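I have placed the structure first, in the form of structure tokens, so that the comments after it can refer back to it.
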2 protein chains.
Amino acid sequence: MVARRRPTMKDVAAHAKVSISTVSYVLNDSGPVAPERRNRVLDAIRLLDYSPNESARSLKRRSASTIAMVVPDLTNQFFAMVTEGVQRAASAVDVLVVLVVPDATEQPEENQAKLLRSQRVDGVIYLSGTGSMPAAIYDLARSGPVVLVDEQIPGRDLPAVVCDSRRGAREVAAHVLEQGHRRLAVIGGPPALWTAQQRLAGYREAFAGAGLDPDSVPVHTGDYRLESGAAAAAAILDGPADKQPTALLCANDLMAIGAMECLKARGLRVPEDISVVGFDDLPMSALLTPRLTSVRQPAHEMGYRAAKVLFDLLEGNDDDAGELLATVVQIRDSVCPPRENR
Amino acid sequence: MVARRRPTMKDVAAHAKVSISTVSYVLNDSGPVAPERRNRVLDAIRLLDYSPNESARSLKRRSASTIAMVVPDLTNQFFAMVTEGVQRAASAVDVLVVLVVPDATEQPEENQAKLLRSQRVDGVIYLSGTGSMPAAIYDLARSGPVVLVDEQIPGRDLPAVVCDSRRGAREVAAHVLEQGHRRLAVIGGPPALWTAQQRLAGYREAFAGAGLDPDSVPVHTGDYRLESGAAAAAAILDGPADKQPTALLCANDLMAIGAMECLKARGLRVPEDISVVGFDDLPMSALLTPRLTSVRQPAHEMGYRAAKVLFDLLEGNDDDAGELLATVVQIRDSVCPPRENR
DNA sequence: TTGTATGCGTTATCAC
DNA sequence: GTGATAACGCATACAA
């Protein structure tokens, strides 16, 4: 393979026997050019297999046509879907998406901030998964637009695209209550996370709506990961025998799955012995045994919208949007009436 | 937020009362500079919160410090893990990864080729998932380095990082045969895909090794997706009642899962009525009921290695590496001896 | 050791 | 309609 130099506009101009500016004009039709000469240019471009050097363009235009997507863990299908949504929106407008997966063992702050300042990306879409980045993030936001997905930072008002988690949580909880459950337990997410707070709030609304004292329902705190769900379930089962819950409300599917694993390991059946619901409706959740009742978030759509918001911001439109996307409860097999009602 | 112009080297130079080149020298320590002046520069940089414009750098250096990762579907956890591996390797050397998820509805060829030619990326890591891109890919390879992951193109010799699928397949199949199964059926992947061919070959080796005529084992062709596994299973069950298989060898987990769904829907139990094995060992596979016996591929490692190979190529080292990575069979609950041996 | 000047490939301004 | 030409921000050969 001969490592030949890529052709530049100059080469094209020479071949087409026109000036460089003319080539530029046809490339961006940013100026008038006689039909005949335009064709000569087009031909030369094809002939030389020319394509513009985007680095030079970026330099000139002061914009990289690139955004960054920060995501904690691609293996989580929910995050993967959000990311795909971002990708889709970006590629529709010819924008590149660079993937940033902060390594837990380093402190990403400086790196990410540097990335944005380096002008290699015009903006960033941020999904921390932990809710723990106020300082770093906010620094970022001073150098360029940042939009949050699936989370929100209480104090500061960064644009964010989120779901109505509270409503979704209220609805699944209501479903469980309708089945007759009265002794419940919640496995919640990281208290620092907005979504975790919202879901908890939603559960409590449902409790109150069903005449249950929200404060009477024990809340076990997890971290949205599978293992923490299992641990919480174990803690619950190890609690006083006389008030074992008949249903577990888990703030996400991963923890619900962990909880189910734990129950299974202890010989308990779901839902006959204990009902379980999750949140997120991961693709895999419908493949479990029993199929997990959950709340679907439009993950792909969230990513897509977030990207749109970012693009708006980049174009100067201060269209903060910010409506809550809708969730929908997926009723499946992991819930049934409690034993005493059967 | 005042949209102030980002500082340039010139500004730094002015503040530090040195020339532009001196600033450049300390930035890349590409030249000698007196300690005292170096400090002045460093201070100015900090003071102005300066960071170099990477577009300008790319233009000058003729390299973007960016690679592209082409992946068909992030929702597939195997692909997600490979991608994370790539990301990890890249961020270790300060290289950006742009994510390309070809939309099935467009023809990606031209777009991708253009991306590479535009010099926004220095190289590409390619994972088609379908094996169907000879032309487009090969075009790509003329404009810059391309390395394949988890696949290989028969005719042309592009660098590729793959696993020893054949061996893994041989080993699971052997495991199944050891359990006493003699009536088997294979649900294979897309015949165009190298991995599918390898796995099929591995199965056949095991058959032969167990004294079975490889040609006597029916092969149903799927496309590596869940639905196709279900369809294939349905086709098998609808076959002649007198030679129903006692075990299903599925060329990947997704199809195995689809098959299990189908079996379950028809009231068949796994593994009591029929054993099932997969390939890939997706994280979710160990969470199914029954837990799926599968072959683990070091997905993360594959991505990591692929990125390494690409970087070597970019630095001119023609280190094609190319050893096969090892797989390891994960024996779990979806296989048991056939009924007649119990 | 330091500074000046030129070029990287494009875009855009301004004469012609 | 068209074509010089000056930036864009940085790196570097070369002169001082």
Side-chain angles (χ1 to χ4, degrees), chain A residues 3-42 44-45 48-66 94 114 117-122 143, chain B residues 3-42 44-45 48-66 114 116-122 143:
Chain A
R4 216 156 28 76
R5 193 177 57 76
R6 297 214 54 75
T8 71
M9 277 185 25
K10 188 144 81 175
D11 303 318
V12 174
H15 260 76
K17 302 196 189 309
V18 299
S19 78
I20 283 191
S21 357
T22 303
V23 177
S24 178
Y25 290 155
V26 349
L27 246 45
N28 324 309
D29 46 37
S30 51
V33 37
E36 190 261 350
R37 316 186 94 223
R38 144 169 282 115
N39 282 332
R40 285 216 315 265
V41 171
L42 259 19
I45 288 180
L48 298 178
D49 189 33
Y50 165 82
S51 83
N53 179 320
E54 291 294 336
S55 298
R57 280 193 160 172
S58 302
L59 178 57
K60 194 63 186 154
R61 297 182 169 160
R62 300 149 173 293
S63 114
S65 295
T66 304
D94 254 305
K114 196 160 57 182
R117 280 198 312 252
S118 73
Q119 303 170 52
R120 296 170 85 174
V121 303
D122 303 323
S143 337
Chain B
R4 214 157 30 76
R5 192 178 57 76
R6 299 213 53 76
T8 71
M9 275 185 28
K10 189 144 81 174
D11 302 319
V12 175
H15 261 76
K17 303 199 189 310
V18 299
S19 78
I20 273 193
S21 28
T22 303
V23 177
S24 180
Y25 291 155
V26 349
L27 245 46
N28 325 311
D29 45 38
S30 50
V33 37
E36 191 259 351
R37 301 168 67 91
R38 143 169 284 115
N39 282 332
R40 288 219 311 269
V41 171
L42 259 19
I45 287 179
L48 297 179
D49 190 33
Y50 165 82
S51 81
N53 179 320
E54 292 293 337
S55 298
R57 280 195 160 169
S58 304
L59 178 57
K60 192 69 184 142
R61 297 183 170 159
R62 300 147 173 292
S63 114
S65 295
T66 304
K114 196 161 59 182
L116 189 49
R117 281 199 311 253
S118 73
Q119 304 171 51
R120 296 169 86 174
V121 302
D122 303 324
S143 338

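Being a predicted model, the structure only gives us computed values, none of them experimental. Per chain, numbering begins at 1; letters A, B, ... match sequence-line order. Computation of the quantities below employed the complete heavy-atom set of this structure, encompassing side-chain atoms and omitting hydrogens, waters and symmetry-equivalent molecules.
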Roughly, in whole Å, what's the span from [atom1] in [X] to [atom2] in [N]?
{"X": "A:Asp29", "N": "D:dG1", "atom1": "CG", "atom2": "P", "answer": "14 Å"}
{"X": "A:Arg117", "N": "D:dG9", "atom1": "CZ", "atom2": "P", "answer": "17 Å"}
{"X": "A:Met9", "N": "D:dG3", "atom1": "CE", "atom2": "C1'", "answer": "12 Å"}
{"X": "A:Leu59", "N": "C:dT11", "atom1": "CG", "atom2": "P", "answer": "11 Å"}
{"X": "A:Lys10", "N": "D:dA4", "atom1": "NZ", "atom2": "P", "answer": "12 Å"}
{"X": "A:Asn53", "N": "D:dC8", "atom1": "CG", "atom2": "P", "answer": "18 Å"}
{"X": "A:Arg40", "N": "D:dG1", "atom1": "CZ", "atom2": "C1'", "answer": "13 Å"}

When you measure from the side chain of A:Pro32, which nucleotide among D:dC10, C:dT10, D:dG1 comes out closest?
->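 Shortest atom-to-atom distance from the side chain points to D:dG1.
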Are any of [X]'s side-chain N or O atoms less than 4.0 Å away from OP1 or OP2 of [N]?
{"X": "B:Arg6", "N": "D:dC8", "result": "no"}
{"X": "B:Ser19", "N": "C:dT2", "result": "no"}
{"X": "B:Arg37", "N": "C:dG3", "result": "yes"}
{"X": "B:Arg62", "N": "C:dG9", "result": "yes"}
{"X": "A:Thr8", "N": "C:dG9", "result": "no"}
{"X": "A:Arg61", "N": "C:dT11", "result": "yes"}

Taking the nucleotide of DNA chain C with the closest heavy atom to each, which residue, B:Ile20 or A:Ser51, is nearer the 5' end?
->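 Checking each residue's closest nucleotide, the 5'-ward one belongs to B:Ile20.
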Considering only heavy atoms and no angle criterion, is a donor-acceptor pair shorter than 3.5 Å present between the side chain of A:Ser21 and the base of C:dT11?
-> no
D:dA7 base / A:Lys60 side chain donor-acceptor hit below 3.5 Å | yes
Polar pairs (N or O, both sides) under 3.5 Å between protein and nucleotides 14-16 of chain D?
none

